[in-house]
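None of these values were measured; they are calculated from a predicted model. Keep in mind that the numbers below use all heavy atoms, side chains included, and drop hydrogens, waters and symmetry copies.
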Amino acid sequence: MTPIAEKDNDASVWAIVLTHGGAEAITAECIDSLLTQDYPGLAVLLVDNAAFDGSGGRLRDRYPQIRYLNTGGNYGYTGGNNRGIAYSLEQGADFLLVLNNDTVLERDCMSLLVQSARGAERVGAVAPKILCWDDPSRIWFAGGDYSFPRAIGQHRRMLEVDDPNEAPRLDEITFVSGCCFLMPAGVAREVGGFREDFFIYCEDVELSLRLTRAGYRMYYQPAARMLHRENSGGALSTPFATVQRDRNRRRLVRQHYNFWQRLVFALWFYPTRVVRWAQHALRGDWPGARAIVAGAVLP
């Protein structure tokens with residue numbers, strides 16, 4: 001456990017809000033929560049990842065006080081955020097806040113994250129406590145752990161009842177969720193952003209592993225709180241999500257694992273895919289079954 005620094009508001013923080021359309025009102029709530037933060041050194045950047053319904057432009061007009069970046073195409077969660085990160089660094093950001101557009105921050109979330117980052121050693125990223133939107137008494141993310149055998153990040157205390165009075169502290173973690181984290185600009189310049197060929201899903205797992213291997217530490221701050229529109233009963237996985245998650249886990253393993261680590265992963269991954277394929281097939285869910293196969297074989 002690491003103490004946090006004294007309150008200090010002089011660092012420039014750029015919050016990157018990515019939109020691809022279809023959630024204009026939800027994205028507006030996220031922006032509203034950022035604009036009402038008690039941290040004065042905050043700039044909000046809306047990254048329009050080719051919003052298919054024109055909502056990016058409407059949000060730009062609705063919030064003239066924020067920055068706006070149109071990527072000109074849909075580069076996924078990874079590419080869109082990377083373009084926002086690069087733009088923010090060019091503008092002189094000291095810290096970057098990457099967050100989903102379906103989140104709402106409590107008013108002191110930002111200041112607590114910045115204080116935490118300034119009070120930590122070799123900090124690569126700091127994550128807040130993330131609560132379920134449809135049941136704010138339940139935790140969605142309270143720090144995370146990287147699982148080498150499964151090549152995935154696991155949430156601590158997921159769906160446990162929250163204690164809203166947890167005191168500020170820093171707990172070291174080995175996986176930071178891409179839903180929300182604060183990263184020092186110098187770390188982003190050295191380690192880079194997300195791996196763009198991941199497009200979406202498991203990009204945060206791969207980044208967490210890269211941060212660890214570069215000698216940086218990740219931390220969790222329970223007093224910094226936010227809500228996330230994730231089903232507290234567990235999100236239903238679409239065929240697209242299944243393919244992306246499994247494919248990206250295998251990509252991560254190819255890039256970062258040695259022979260023995262790959263073997264351990266394979267001994268867990270492929271037998272469990274067979275079981276999951278059978279579960280889908282027995283239900284007559286052939287799109288789901290085909291997604292299991294695709295995620296296990298596509299390069």
Side-chain angles (χ1 to χ4, degrees), residues 1-17 29-44 88 93-133 135-145 153 155-185 187-188 204 207-208 211 216-230 232:
M1 188 166 65
T2 305
I4 66 172
E6 294 297 320
K7 190 168 183 178
D8 193 346
N9 294 330
D10 63 350
S12 170
V13 181
W14 280 62
I16 301 165
V17 182
E29 284 190 76
C30 177
I31 294 172
D32 287 337
S33 75
L34 289 167
L35 293 177
T36 55
Q37 289 294 295
D38 67 356
Y39 187 83
L42 174 64
V44 180
S88 301
D94 297 311
F95 290 95
L96 306 164
L97 183 78
V98 176
L99 76 166
N100 285 9
N101 66 329
D102 60 353
T103 58
V104 171
L105 288 70
E106 292 192 357
R107 189 170 181 270
D108 61 351
C109 183
M110 184 67 64
S111 58
L112 284 165
L113 290 176
V114 174
Q115 292 171 51
S116 300
R118 290 195 152 182
E121 297 178 3
R122 290 287 294 171
V123 60
V126 181
K129 177 187 289 182
I130 306 175
L131 303 168
C132 299
W133 180 272
D135 185 359
S137 69
R138 299 284 176 178
I139 294 170
W140 186 77
F141 182 83
D145 299 296
H155 294 210
R156 295 179 183 175
R157 299 178 60 197
M158 190 169 188
L159 301 185
E160 288 187 14
V161 176
D162 174 46
D163 174 6
N165 299 311
E166 282 192 85
R169 69 173 191 274
L170 280 179
D171 294 340
E172 191 163 355
I173 58 179
T174 55
F175 160 67
V176 63
S177 170
C179 178
C180 183
F181 62 86
L182 184 77
M183 175 181 284
V187 176
D204 48 5
L207 177 60
S208 296
L211 286 170
Y216 289 104
R217 298 175 178 175
M218 290 163 282
Y219 297 91
Y220 162 66
Q221 173 52 264
R225 298 159 54 86
M226 67 186 302
L227 294 172
H228 176 38
R229 278 182 167 85
E230 183 68 55
S232 63

Checklist entry - Relative to the ring of H155, is the ring of F175 parallel (under 30°), tilted (30 to 60°) or perpendicular (over 60°)? => result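 Ring orientation, 0 to 90° scale: tilted.
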Give, for atom [atom1] of [X] and atom [atom2] of [Y], the distance between the pair rounded to the nearest 0.5 Å.
X    : Y    : atom1 : atom2 : value
L112 : L170 : CG    : CG    : 10.0 Å
L182 : Q115 : CG    : CD    : 11.5 Å
R156 : D171 : CZ    : CG    : 6.5 Å
I130 : C180 : CD1   : SG    : 6.0 Å

So, do [X] and [Y] sit near enough that their side-chain heavy atoms are less than 4.5 Å apart?
X    : Y    : result
D94  : P184 : no
M183 : L207 : yes
L227 : P136 : yes
L113 : P128 : yes
L159 : C132 : yes
V13  : M110 : yes
R225 : C109 : no

Just by distance, do the side chain of [X] and the backbone of [Y] share a donor-acceptor pair under 3.5 Å?
X    : Y    : value
D163 : N165 : yes
S208 : V176 : yes
Q221 : R169 : yes
S33  : L105 : yes

Checklist entry - R107: what forms a salt bridge (Lys or Arg N to Asp or Glu O under 4.0 Å) with it, not counting sequence neighbours? => result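 By the salt bridge (Lys or Arg N to Asp or Glu O under 4.0 Å) rule, R107 matches no residue at all.
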Next on the checklist: Out of the candidates R229, R157, M158, M226, only one should pair with W140 under the side-chain contact (heavy atoms from CB on, under 4.5 Å) rule; please name it.
Outcome noted: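 The option that passes is M158.
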Next on the checklist: Going by side-chain contact (heavy atoms from CB on, under 4.5 Å), Q37 matches just one of L42, L97, D108. Which one?
Outcome noted: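 Between Q37 and the candidates, side-chain contact (heavy atoms from CB on, under 4.5 Å) is satisfied uniquely by L42.
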Identify the heavy atoms of [X] and [Y] that sit nearest to each other, and give their distance.
X    : Y    : result
Y219 : A120 : CE1-CB, 3.4 Å
A15  : L99  : CB-CD2, 4.4 Å
G143 : Y220 : N-CD1, 3.5 Å
G178 : D204 : N-OD2, 2.9 Å
V161 : I139 : O-CD1, 4.3 Å
F95  : V114 : CE1-CG1, 4.3 Å

Checklist entry - Could you go step by step and tell me if L131 and R138 meet the side-chain contact (heavy atoms from CB on, under 4.5 Å) rule? => result CA-CA 6 Å; L131 303 168; R138 299 284 176 178; over 6 Å; no
Item to check | Side-chain donor-acceptor pair present, D38, S111, cut-off under 3.5 Å | outcome: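 A donor-acceptor contact under 3.5 Å links the two side chains.
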Checklist entry - Does the side-chain contact (heavy atoms from CB on, under 4.5 Å) test come out yes or no for E29 and D102, once each step is laid out? => result CA-CA 8 Å; E29 284 190 76; D102 60 353; over 6 Å; no
Item to check | Ion pair K129/E160, N-O distance below 4.0 Å | outcome: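 Answer for the salt bridge query: no.
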Item to check | Test of ring centre spacing under 6.0 Å for H228 and W133 | outcome: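 When the ring centroids of H228 and W133 are compared, they turn out to be at least 6.0 Å apart.
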Next on the checklist: Does T103 form a side-chain contact (heavy atoms from CB on, under 4.5 Å) with C179? I'd like the steps, not just the answer.
Outcome noted: CA-CA 8 Å; T103 58; C179 178; 3.7 Å; yes
